[in-house]
Q: 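Got a structure here, written out as structure tokens. Questions coming.
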Protein chains: 2
Amino acid sequence: MVRIPKPGQPVRGSRSGAPIMALFDLIGRRWAMGVLWTLSEIGPATFRDLQDKCETISPAVLNQRLKELQAAQLVHKVASGYEVTAIGREIYQDLVPLGSTAKRWARQLSDQ
Amino acid sequence: MVRIPKPGQPVRGSRSGAPIMALFDLIGRRWAMGVLWTLSEIGPATFRDLQDKCETISPAVLNQRLKELQAAQLVHKVASGYEVTAIGREIYQDLVPLGSTAKRWARQLSDQ
DNA sequence: TGAAACGCTATGGAAAGTATAGCATATGGT
DNA sequence: ACCATATGCTATACTTTCCATAGCGTTTCA
């Protein structure tokens, strides 16, 4: 039962399936960005590796997210486990700047 | 009951509250990025405006997301409704490149 | 050939999201 | 003043998702 939001079909935020909204629907699920981020940073990893790096993710959710990310072709399986695809890496790279913005956000919140 | 993930506290993906994971925890909730994106694009907007633009969001969830985004200081209230803050806009701008990547992703998916 | 590691799946309960109705207040026109 | 409409939500009942935890079947390797 792997249902993923597809551009061109109704998704959250867009009945017509605007690509950005389909993507938000996909990666805006609990843990989805965290998994993509972690997998991009550590490279090919086994299920257990990922589970450890994500610290508190449950195997059920990790498995679910991996299925979705594979169905959306952001992640695929290789001999040594899971790996981000080319397009998955592009999305990760788009997310990278959020890292430093998040730090500024954190500083701003703590300054009060 | 507005609970938001705060950097420095345990969040999904990081027991120590890494800023990026706190941010993912916050904006990786259903509709959160869609609301931030929409609000950034249309400028200050009323609750009903936002509801219309988001097409299928329920008022309960919109209200909940707005509370969270306000608590996290990505959004605030002004005379004419809701508006993104400076740091909220920075995060939105970090998300903008995802728009074109999403289109490439969509094309790739439809090419098979 | 047994022990450990691996990749999940099962389960039951808690939390989150959804659709829809509707309320209280503000606003506008007659 | 009166009524209609718009606004910003809240309430309710229901469905879906998430979560923690246990554990199963398979592979690896000493």
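Naming: A, B, ... by sequence-line order, numbering from 1 per chain.
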Q: In the structure I gave you, are the side-chain heavy atoms of Leu66(A) and Phe47(A) within less than 4.5 Å of one another anywhere?
A: yes
Q: Between Arg65(B) and dG17(C), is there a contact of a side-chain N or O with OP1 or OP2 at under 4.0 Å?
A: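 Affirmative; the distance criterion is met.
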Q: Quick one: sort the Trp37(A) and Phe24(B) rings into parallel, tilted or perpendicular, breaks at 30° and 60°.
A: perpendicular
Q: Check whether any side-chain N or O of Thr85(A) sits under 3.5 Å from a backbone N or O of Gln73(A) as a donor-acceptor pair, and report yes or no.
A: yes
Q: Return the value, rounded to whole Å, for the distance between atom CD of Glu68(B) and atom P of dA15(C).
A: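 Spelled out: CD on Glu68(B) to P on dA15(C) is 15 Å.
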Q: For Leu69(A) and Leu39(A), what are the C-alpha separation, side-chain angles and deciding distance, and is it a side-chain contact (heavy atoms from CB on, under 4.5 Å)?
A: CA-CA 11 Å; Leu69(A) 292 172; Leu39(A) 191 56; over 6 Å; no
Q: Look at the side chain of Arg65(B) and the backbone N and O of Leu36(B), then say whether any donor-acceptor pair between them is shorter than 3.5 Å.
A: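 Between the backbone of Leu36(B) and the side chain of Arg65(B) there is no qualifying donor-acceptor contact (under 3.5 Å).
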Q: Which residues in residues 30-58 of chain B have at least one heavy atom lying under 4.0 Å from any atom of DNA chain D?
A: Arg30(B), Thr46(B), Phe47(B), Arg48(B)
Q: Does a side-chain N or O of Lys77(A) approach OP1 or OP2 of dC8(C) to a distance below 4.0 Å, or not?
A: yes
Q: I need the Leu23(A) CG to Asp94(A) CG distance, nearest 0.5 Å.
A: 9.0 Å
Q: How bent is the helix from dT1(C)-dA30(D) to dT30(C)-dA1(D), comparing axes over its five end pairs at each side, to the nearest 10°?
A: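 Answer for the end axes of this duplex: 30°.
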Q: Hey, is the side chain of Tyr82(A) poking within less than 4.0 Å of OP1 or OP2 on dC6(C), counting only N and O atoms?
A: no
Q: Nearest-nucleotide wise, let me know which of Ala60(B) and Arg29(A) is further upstream toward the 5' end of DNA chain D.
A: Ala60(B)
Q: Could you pick out which residue, Arg12(B) or Leu66(A), lies toward the 5' side of DNA chain C when each is mapped onto its nearest nucleotide?
A: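 Taking each residue's closest nucleotide, the earlier one in sequence belongs to Leu66(A).
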Q: Donor-acceptor pair, Arg15(B) side chain versus Val11(B) backbone, under 3.5 Å?
A: no
Q: Using a cut-off of strictly less than 4.0 Å, decide whether Asn63(A) has a side-chain nitrogen or oxygen near OP1 or OP2 of dT9(C).
A: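 True: Asn63(A) side-chain N/O within range (under 4.0 Å) of dT9(C) OP1/OP2.
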Q: To the nearest 0.5 angstrom, please state how far the CE atom of Met21(B) sits from the OG1 atom of Thr38(A).
A: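 It comes to 4.0 Å.
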Q: How far does CD1 of Ile57(A) sit from CG of Asn63(A), to the nearest 0.5 angstrom?
A: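 That separation rounds to 10.0 Å.
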Q: Write down the distance between NZ (Lys67(B)) and C1' (dC9(D)), rounded to a whole number of angstrom.
A: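 Those two atoms, NZ and C1', are 9 Å apart.
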